[in-house]
Undergrad: 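What follows is a single structure, and I will ask about it in a moment.
All ligand and atom numbering here is 1-based and tracks the order in the structure. Small disclaimer: the values here were computed from a predicted structure and weren't measured. Just so you know, these numbers use all the heavy atoms, side chains as well, and skip hydrogens, waters and symmetry mates.
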Amino acid sequence: MNPLYFDHGATTPIRSEVRSAMEIIWNETIGNPGSLHDDGQKAADRVEAARSQAAQALGASPREILFTGGGTESNNLAILGAARHPRNNGRHIVTTAVEHPSVLLACRALEKEGFRVTVLPVDRDGLITPQQVEQALTPDTVLVSVMAANNEVGTIQPIAAIGKILRERNILFHTDAVQAVGKIPFSLKEWGVDLLSIGAHKIDGPKGTGLLYVRKGVRLAPLMHGGGQERGLRPGTLNTVGIVGLGVALTLACQEVNTANERWTRLRNHLWNRIQSEIGGVTLNGHPEQRLPHNLNISFDRVEGQAVMLELNRYGIAISSGSACSAGKHAPSHVLSAMGRPPEEAYQSLRITLGRETRQEDADRLADCLKEVITYLRSLIPGE
Ligand SMILES: *Cc1c(COP(=O)(O)O)cnc(C)c1O
């Protein structure tokens with residue numbers, strides 16, 4: 001049996017179009033994009049072409065695209081950079097309890113610098129309301145950071161409605177769109193965001209490459225100091241190969257978002273229907289409708305998610321128990337805890353995330369194996 005991968009929320013395989021584009025650069029482009037000779041300018045041209053591509057995919061201008069080392073760096077640069085810039089007034093930040101650690105811990109770091117942080121609670125489905133954001137605002141609020149869609153439970157936040165409130169008050173708005181891009185259609189204008197984070201490896205692109213959309217006129221302080229690359233906001237020799245890969249991955253992800261969304265929704269619902277009817281004793285985590293199309297986060301009664309993950313691994317099937325970032329340490333997910341789930345329930349959660357290459361027969365094999373694994377694990381419980 002060939003192995004099956006259902007952990008696209010953790011990372012995705014590089015798609016062939018991206019690989020081909022990267023290989024060309026790898027083989028041909030030797031120069032530093034910062035060098036003025038022909039070799040350097042050839043690399044710089046490739047970077048600028050990727051910047052235009054990314055800008056076009058997002059409906060932005062090329063000057064609004066800043067290349068980074070991934071989603072984590074984009075989030076840190078957005079939050080620390082916006083808060084620390086001397087001309088962005090205010091020492092108060094608003095975020096949510098279900099953000100990725102790269103947002104939550106960046107905010108915690110700012111607390112040590114004297115900023116005040118409001119962490120908004122979520123409801124049982126992992127959702128916040130625009131009213132919650134509005135009520136948290138103070139004259140001292142400099143930045144609001146709310147993720148577009150959650151990486152663990154897939155819940156999609158009301159970004160456009162929040163953006164509208166913040167636009168009226170001239171407060172900076174950052175969204176972590178690392179999971180949302182390529183999964184749900186959106187427009188920067190409709191969302192009303194000033195800063196938006198993207199990571200390439202969640203959209204069939206290379207690891208270690210990302211971008212931050214920085215709306216024209218938004219001021220950031222750099223995190224690092226060095227050469228003047230990326231308008232001084234992200235110094236360091238540009239990762240030409242990775243950037244070219246990101247440009248292609250993002251373009252294709254945005255072009256295909258509607259058909260991919262429909263296909264994943266159908267496949268995910270099929271899988272979920274089979275699990276409910278054939279296995280049972282299972283609950284869905286996250287919002288039932290406002291959720292990412294490729295995400296199925298579920299808890300089986302009386303069975304630990306980690307045990308299911310390890311058993312499926314023996315069948316050559318990769319899923320996630322909790323998020324990859326917290327899987328190493330055995331602590332209940334901060335997302336499920338924020339959704340009001342007690343630790344015992346949080347430990348039962350597992351996340352299945354579909355990808356571009358997932359077919360219906362793959363989903364069916366997963367359902368078959370899950371049925372065997374859950375039946376087996378439940379048979380081990382005394383008194384069952
Ligand atoms: C993966 C992820 C990140 C971190 O991105 P990296 O590129 O892995 O650093 C940030 N936010 C969300 C929502 C993610 O899923």
Undergrad: Are Arg351 and Asp7 ion-paired here, with the side-chain N under 4.0 Å from a carboxylate O?
TA: yes
Undergrad: Is there at least one pair of N or O atoms, one from Asn151 and one from ligand 1, spaced under 3.5 Å apart?
TA: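 No, Asn151 has no N/O under 3.5 Å of an N/O on ligand 1.
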Undergrad: Would a distance-only check, ignoring hydrogens and angles, find a side-chain to backbone donor-acceptor pair under 3.5 Å from Ser337 to His334?
TA: no
Undergrad: Can I get a per-line list of side-chain donor-acceptor pairs under 3.5 Å for residues 180-189, giving both atom names and the distance, sequence neighbours left out?
TA:
| residue | atom | partner | partner atom | Å |
| --- | --- | --- | --- | --- |
| Lys183 | NZ | Lys202 | O | 3.3 |
| Ser187 | OG | Glu190 | N | 3.0 |

Undergrad: Does a donor on one side chain sit under 3.5 Å from an acceptor on the other, for His174 and Ser197?
TA: yes
Undergrad: Which bit of Asp176 gets closer than 4.0 Å to ligand 1, counting heavy atoms only: side chain, backbone, both or neither?
TA: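 Answer for Asp176: side chain.
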Undergrad: Number the atoms of ligand 1 from 1 as they appear, then name those within less than 4.0 Å of a heavy atom of His201, with their elements.
TA: 6 (P), 7 (O), 8 (O)
Undergrad: Does any N or O of ligand 1 fall below 3.5 Å from an N or O anywhere on Ser102, backbone included?
TA: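 N/O-N/O distance under 3.5 Å: no.
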Undergrad: Side chain, backbone, both or neither: which part of Glu73 has a heavy atom under 4.0 Å from ligand 1?
TA: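 It is neither part, as no heavy atom is under 4.0 Å.
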Undergrad: Does ligand 1 come near enough to Met147 that some N or O of the ligand is less than 3.5 Å from an N or O of the residue?
TA: no
Undergrad: Number the atoms of ligand 1 from 1 as they appear, then name those within less than 4.0 Å of a heavy atom of Gly70, with their elements.
TA: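 Atoms satisfying the 4.0 Å criterion: 7 (O).
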Undergrad: Taking the basic N atoms (NZ, or NE/NH1/NH2) and the acidic carboxylate oxygens, is any pair closer than 4.0 Å for Arg365 and Glu361?
TA: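 Salt bridge between Arg365 and Glu361, a charged N being under 4.0 Å from a carboxylate O: no.
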Undergrad: Should the pair Glu230-Arg51 be classified as a salt bridge under the 4.0 Å nitrogen-to-oxygen rule?
TA: yes
Undergrad: Using a 4.0 Å heavy-atom threshold (strictly under), name the region of Thr11 that reaches ligand 1: side chain, backbone, both or neither.
TA: neither
Undergrad: What atoms of ligand 1 come closer than 4.0 angstrom to any heavy atom of Asn75?
TA: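 Selected atoms, number and element: 10 (C), 11 (N).
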Undergrad: Give the table of side-chain donor-acceptor pairs shorter than 3.5 Å for residues 220-229, with sequence neighbours excluded, one pair per line with atom names and distance.
TA:
| residue | atom | partner | partner atom | Å |
| --- | --- | --- | --- | --- |
| Gln229 | OE1 | Gly236 | N | 2.9 |

Undergrad: Give the contacting part of Lys207 toward ligand 1: side chain, backbone, both or neither, where contact means a heavy-atom distance below 4.0 Å.
TA: neither
